[in-house]
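When reading the values below, keep in mind they use all heavy atoms of this one structure, side chains included, and skip hydrogens, waters and symmetry mates. Keep in mind it's a predicted model, so treat the numbers as computed, not measured.
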Amino acid sequence: MYQTLILVLIFIFGAIIGSFLNVVILRYRSGRHLGGRSACYTCNKKLGISELVPIGSFIVQGGKCSSCSSRISWQYPIVEAITGFVFVFLFIRFSYLAFAMPALFLGLFAFYAVVLSILIVLSVYDFRHHVLPDQLVFLFASISFIGMFFITGDYIAFHLPSLSHILAGIILPAPFTILWYFSRGKWMGLGDAKLMIGIGFLLGLSAGLSAILIAFWIGALAGVLLIVFAPLLKKGKITLKTAIPFGPFLALGTAIVMLGEIDLSSLVLFLGGM
Ligand SMILES: [Zn+2]
């Protein structure tokens, strides 16, 4: 009971951060600053407190603006819910430290919450615009790079990272940069390769490679499902040529590996057991 309550509170905290991430995603590169109350994009009415409750407001208002009844994007509740669940999984991942070493727990939770939040923003932005913005990609790489000097496993202390860990940020994106170059950007965006720099610094060689492999598997599965079910959705425009943004899958692979403590050996064991 007590544990459930904590998880619910963490989910609510994550959903609130998620609603902030929505604001970042929508205002990024739009020339609007991050301050100021949110308003309806159609009628410009400033949102009241009851309209700012993550997920809840969307459900209560039936996905419509309470003033002009125009549709509110599904992006809002989806990003809020995803961030809520990500924070819950992050809490579960480090919960064994929460009472024994609260400072360490808070440090690890805060670091990965920031990293995963950036990945959520990148994913949604890529999904909407088919672009991974350089600024955000390098912010992710920079934080991962700094983290490499302070975080080993589940511990925080300054140390020099191993050579393979540093090289992971160069080795992992290398083949995809070459692929990008020779396909002239058709098979792979350069943004995806740049994102792998941060993935390498964050996870190291073994886990980083696992994240990319998982991203390709889930991406391929999603691609097949899209082709099979597209006619049913009557969209009809989705073919093999429809570019599926790969950033969200890389982010998902990274989150799965990070939260599930997966590396190449566990991946091989998993495949062997199938
Ligand atoms: Zn409105």
Side-chain angles (χ1 to χ4, degrees), residues 4-5 7-91 113 116-133 136 218-219 221-238 242-252 255-256:
T4 314
L5 183 68
L7 292 183
V8 169
L9 288 175
I10 298 283
F11 180 83
I12 293 170
F13 174 60
I16 292 169
I17 299 292
S19 87
F20 170 70
L21 298 182
N22 270 320
V23 174
V24 174
I25 294 160
L26 285 165
R27 297 192 188 178
Y28 184 74
R29 281 187 176 172
S30 68
R32 299 172 61 186
H33 60 92
L34 287 174
R37 283 257 291 286
S38 292
C40 171
Y41 273 78
T42 308
C43 69
N44 232 357
K45 186 208 160 227
K46 289 248 187 295
L47 302 185
I49 296 292
S50 69
E51 291 161 300
L52 289 167
V53 180
I55 308 168
S57 298
F58 186 88
I59 295 169
V60 170
Q61 292 166 220
K64 286 173 182 160
C65 169
S66 62
S67 166
C68 70
S69 292
S70 62
R71 288 193 158 276
I72 301 169
S73 168
W74 275 95
Q75 182 197 310
Y76 290 95
I78 289 175
V79 170
E80 286 157 2
I82 287 174
T83 314
F85 282 118
V86 164
F87 276 43
V88 166
F89 286 127
L90 187 56
F91 178 83
L116 292 168
S117 294
I118 296 172
L119 287 177
I120 290 171
V121 172
L122 276 169
S123 298
V124 181
Y125 199 91
D126 195 19
F127 193 77
R128 285 174 64 106
H129 305 290
H130 287 229
V131 173
L132 286 165
L136 288 174
I218 299 176
L221 187 67
V224 169
L225 289 176
L226 203 61
I227 290 164
V228 171
F229 290 106
L232 300 177
L233 295 169
K234 287 184 180 174
K235 292 246 167 111
K237 284 177 183 169
I238 299 165
T242 307
I244 303 173
F246 193 51
F249 296 105
L250 282 173
L252 183 61
I256 290 172

Novice: Could you tell me which non-hydrogen atom of P77 sits nearest to which non-hydrogen atom of I55, and how far apart they are?
Specialist: O-CG1, 4.0 Å
Novice: Within a reach of under 6.0 Å around CZ of F13, are more than 12 heavy atoms found that belong to other residues, nucleotides or ligands?
Specialist: no
Novice: Rounded to the nearest 0.5 Å, how far does CZ of R128 lie from OH of Y28?
Specialist: 14.0 Å
Novice: Do I218 and I256 come close enough that some side-chain heavy atom pair is under 4.5 Å?
Specialist: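 A side-chain contact exists here, since the closest heavy-atom pair is under 4.5 Å.
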Novice: Please report the interatomic distance CG(L21) to OH(Y125), rounded to the nearest 0.5 Å.
Specialist: 15.0 Å
Novice: Got more than 12 heavy atoms from elsewhere within 6.0 Å of CG, L225?
Specialist: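 Yes.
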Novice: Could you walk me through whether S67 and C40 pass the side-chain contact (heavy atoms from CB on, under 4.5 Å) check?
Specialist: CA-CA 9 Å; S67 166; C40 171; over 6 Å; no
Novice: Which of these, I118, I120, D126, sits in a side-chain contact (heavy atoms from CB on, under 4.5 Å) with L122?
Specialist: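 It is I118, the one option of I118, I120, D126 that forms the side-chain contact (heavy atoms from CB on, under 4.5 Å) with L122.
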Novice: If you take all heavy atoms of C65 and C68, which pair is closest and at what distance?
Specialist: SG-N, 3.4 Å
Novice: Quick check for you: to the nearest 0.5 Å, what is the distance between S38 atom OG and N22 atom CG?
Specialist: 9.0 Å
Novice: Minimum heavy-atom separation for I17 to S117, with atom names?
Specialist: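 Residues I17 and S117, closest heavy atoms: CG2-OG, 4.0 Å.
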Novice: For F127, look at atom CZ and say whether over 12 heavy atoms of other residues, nucleotides or ligands are found less than 6.0 Å away.
Specialist: no
Novice: Can you confirm whether more than 12 heavy atoms, excluding those of K45, are under 6.0 Å from its NZ atom?
Specialist: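 Atom NZ in K45 is crowded, with more than 12 foreign heavy atoms closer than 6.0 Å.
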Novice: Which atoms form the tightest heavy-atom contact between A113 and L90, and what is the distance?
Specialist: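 Scanning both residues completely, I find the closest heavy atoms to be N-CD2, 3.5 Å.
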Novice: Compare all side-chain heavy atoms of F58 with those of I78 and state whether any distance is below 4.5 angstrom.
Specialist: no
Novice: Taking all atoms of both residues into account, what is the closest heavy-atom pair of S123 and G247, and its distance?
Specialist: OG-O, 4.2 Å
Novice: Test I72 against every option in K64, E51, Q61 by the side-chain contact (heavy atoms from CB on, under 4.5 Å) rule and name the one that passes.
Specialist: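 The passing option is Q61.
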Novice: Please say which of L116, V79, L136 ends up in a side-chain contact (heavy atoms from CB on, under 4.5 Å) with V121.
Specialist: L136
Novice: What heavy-atom pair brings G14 and T83 nearest, and what distance separates the two atoms?
Specialist: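 Where G14 meets T83 most closely, the heavy atoms are O-CG2, 3.2 Å.
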Novice: Decide yes or no on side-chain contact (heavy atoms from CB on, under 4.5 Å) for L52 and S19, but give the supporting numbers first.
Specialist: CA-CA 8 Å; L52 289 167; S19 87; over 6 Å; no
Novice: Can you spot which of F87, F91, F85 makes a ring-ring contact (aromatic ring centres under 6.0 Å, His included) with F11?
Specialist: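 Of F87, F91, F85, ring-ring contact (aromatic ring centres under 6.0 Å, His included) with F11 is met by F85 alone.
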Novice: Keeping S57 on the side-chain end and S50 on the backbone end, is there a donor-acceptor pair under 3.5 Å?
Specialist: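 Checking the backbone N and O of S50 against the side chain of S57, a donor-acceptor pair under 3.5 Å is found.
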